[in-house]
Amino acid sequence: MAVRADLETALRAASKAIGVTDVPDLELGRAKNPDHGDYASSAGLKLARGLRQPPNQIAARLAEVIEIPDGAATPQAIGGYVNFRLSEAWLQGLVERVATGGPGYGASDIGRRERIQVEFLSVNPTGPLHIGHGRGAILGDSLARLLEFTNHDIEREYYVNDQNTQARMFGESVYARLHGDPPPERGYTGEYVSELAEMSRRELTGIEKLPHDEAEPKLRAFAIAAMVDRIRASVGRLNVRYDEWFPESQLWAEGLPQLAIERLREGGYLKEREGALWFGPALEEEDGLGEQVIAEDESRVVIRSTGEPTYFASDLGYLLSRFERRHFNRVVEVWGADHHGYVPRMKAAVAALGYDPERLVIILNQLVNLKEGKMSKRAGRFVTLDELVDRVGSDAVRYFYLLRSPDTTIEFDLELALSQSNENPVYYAQYAHARLFNVELTAAEKHPRLRETADVSLLTQPWELDVARQLAFWPEVVEDATRLMEPHRVPYYVHDLATAVHRFYHAGNEDGAHRVVVDDPLLTRARLELCRAARHTLKTALDLIGVTAPERM
RNA sequence: GCCCGCUUAGCUCAAUGGAUAGAGCGCUUGACUUCGGAUCAAGAGGUUGCGAGUUCGAGUCUUGCAGCGGGCACCA
C-alpha cells in the first residue's frame, strides 16, 4: 500500500537488472525540491563505485529499465539521481480508494501480530501526577496506538509499585496524619495525604485504633489504591488507557523474583559482598588476590544486607513475568531520561536470564523542566497534570507534547502554555477536519441525489492533486513513526495534510468555480470524494495520537 | 571526574548521509456580498554552538572543545 515501498522495490529490481549483485540502501525518499518530483533516489551515486560507471549513466539506465507497478509514478534521471513523480491517474485512483476504504487507510501488517507489551508512566502511586508525567503517558499511549495500527498485538501496562520503600513511606505518612502526627522524615507532606487519612477513617472502620504494625499495611494498600484510581482518572482525561495495572506485590506472590534470583545464582551472576547479594555480569573479572570483582557500574544490589530485596529484585521477576509467564515477544518501556543509567543493567539482566536483550526496548524521553521562578514545590505550589488539562484541554496538551521528539528537553512555561493555548496548532488540523465535514453537508443539501461513485478523473487542479499527494505519503509516515518509535512524526504529517486541505478549500474563495459545491453534480461528486478521503485520513491520523477530530468547532 | 541526551530563523521546534535546511509563533503587506477567516497568499528572517576528520556529498557519521539538561545509592 505504501507507494514509497513499491518504488524502492522496483528500483532494487532495476538495479539487479542492470547488473548489480548486492544492492545497497538506495535512499529513496521524499524529494525536497518540487522540480525533482515527489520521490528522489541517489541510486546512480550509490551504485557508481560498484559498477565502475559514471553515476549519471547508471541513473539513466535505471530510469529506462525500471518497472513501476500500477503506473504509480514516472521516473526521471537527473545527474546521478533517479526521481519519481506520482502520476495524476494514480493519485486520482488513490483518492477513490481512500474515500471508499474508510478510516483504516495507512494501516499495515508490518507487526504480523507480534505480541508486544508497552509499559509506560508507572510512577510510584504516592502522589498526583504533575506536568512532567504527561509526556511519558502521552508518548507511551501514542506508541501503543501506532503499534496496534500496524498489527502488533499490544498490551498496555502500568507497573504499580505497591510494596517498595516509597510505598511503605507513603503508608507511614498516612498513618502519621491519621494520628495527627507530622509525617516521618522524607515522608509525603502534601495535603492529599491528610485527605487520604480522613478517607481511611471513614472507609476503614476502626483503623485508627489498630496497632501500628497492623494499621500501616492496610493504610498503605488503601492509599495506593486511591492514588491508582486518581492516576487512572488523570490519564483517562488525556485519552490514555491501560489494559493492565500490574502490582509489584503480585510478582512476589507468584514467586518470580525468587525464581529469577535462583536462575541467576545458577548462572554465576550473583555474588555476596558485605552481607548483601549483588548482581554483576562482570563476575568473571578477577583482581590480583583471586577475589572476584564486580565492575562497579554494572553491579547492583539484589538483596540488602538487612535481608530486604531491592526494587531490582522485583524488576528481575518482572522480566520473567513478561517474557516467561506472559510470553511477550518484546517489551517496550518508556522511561524518563533520569533513569537512563539503568538501561545497561536491565539489558544485562535480560541477557543473564537467558533472553535476547533486543527484546527489551527502552524508549527514553527527556524531562520536562519547569521554568524557574514560576512555581516551586517548597512554596507549596504544585502544578498537576489535571490542572493543565483543566485549563488547556486534552487535545492541546497531547499535541503540545507530541510535537517534540522524545529527546529534546522541554522547558515548560505554564503561563506561556496557557496564554498560547488558543494558538495551539492542534486547532489548525481540527479545523480542517470540521471544515471538510461541513462542506460535505453542504454538498448533500445542494445535491441530494449525487451518484454513488465519483469520476475522480475530474480532479485535475494542482491544489486537488496536492491533497491526493499528501494522502499518498501517509502510509510511509505510519511506517517510519512505528519503526523508529517516533510518534511525533504523526502531528507533523497532520499539519501538512491540513495545509493542503485549507489551500484546496481556499481555491474556492479565489474563484467560485473551484468550490467543492458547484452546479455541476459530477464535479461536485468528484471533489466530495477528495473531501472524504482527506477527512478520513485526518481522522485516522488524529486518532493515532489520541486527539479528537471534531465535526464542528 | 566518568556516562547519556541536547545545541538549527528573534522564540518553540522539524528534517533516512543527497540537489536550493523547513514549519508554527512573532513581524511586514495583501485576500471574503456566495461551500465556516480558528483560513489563504506574499515578504523579511540561517556561518545548523566552535574546530578538525571520514565521504563524490555532512544539520545528520567520527573526534576535540564550549554551553545547557540528566545520571553515576544496600532510593525508585
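Order of the sequence lines sets the chain letters (A, B, ...), proteins ahead of strands, with each chain counted from 1.
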Quiz item: [X] side-chain donor-acceptor pair to [N] base, under 3.5 Å:
X       : N      : result
H340(A) : G70(B) : yes
T409(A) : G69(B) : no
N83(A)  : A19(B) : yes
S305(A) : C74(B) : yes

Exercise. Flag yes if more than 12 heavy atoms outside R451(A) fall under 6.0 Å of its CZ atom; otherwise flag no.
Key: no
Self-check item: NZ/NE/NH1/NH2 to OD/OE distance under 4.0 Å, R4(A) and D480(A)
Solution: yes
Report which part of the nucleic acid [X] touches: base, sugar-phosphate, or nothing (heavy-atom distance under 4.0 Å, all strands).
X       : value
E423(A) : sugar-phosphate
F312(A) : nothing
A31(A)  : nothing
E274(A) : base
Y311(A) : base
A276(A) : base

For the residue pair [Y] / [X], report whether a side-chain donor-acceptor contact shorter than 3.5 Å exists.
X       : Y       : value
Y188(A) : Q166(A) : yes
Y39(A)  : E476(A) : yes
R483(A) : T150(A) : no

Exercise. Could you measure between the two P atoms, the one in C40(B) and the one in G49(B), and give it in whole Å?
Key: 30 Å
Quiz prompt | Distance between C1' atoms of C25(B) and U62(B) (Å, rounded) | solution =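 So the two C1' atoms sit 36 Å from each other.
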In whole angstrom, what separates [X]'s [atom1] from [N]'s [atom2]?
X       : N      : atom1 : atom2 : answer
H495(A) : A38(B) : NE2   : P     : 16 Å
R300(A) : A76(B) : CZ    : C1'   : 9 Å
R186(A) : A76(B) : CZ    : P     : 11 Å

Quiz item: At under 4.0 Å, does any side-chain N or O of T165(A) touch on OP1 or OP2 of C75(B)?
Solution: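 No, no such contact exists.
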Quiz item: Going by ring centres under 5.5 Å and near-parallel planes (under 30°), is H488(A) stacked on A14(B)?
Solution: no
Quiz item: With nearest nucleotides of RNA chain B determined for Y81(A) and D338(A) from heavy-atom distances, which residue corresponds to the more 5′ nucleotide?
Solution: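 It is Y81(A), whose closest nucleotide lies nearer the 5' terminus.
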Quiz item: So do the side chains of H130(A) and F412(A) get within less than 4.5 Å of each other, counting heavy atoms only?
Solution: no
Exercise. Sugar-phosphate atoms are those with a prime plus P, OP1 and OP2; base atoms are the rest. Using that split, label each nucleotide of nucleotides 41-48 of chain B B, S or - for protein heavy atoms under 4.0 Å, 5' to 3'.
Key: S-------
Quiz item: For the rings on H502(A) and Y428(A), is their centre-to-centre separation under 6.0 Å?
Solution: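 Ring centres of Y428(A) and H502(A) closer than 6.0 Å.
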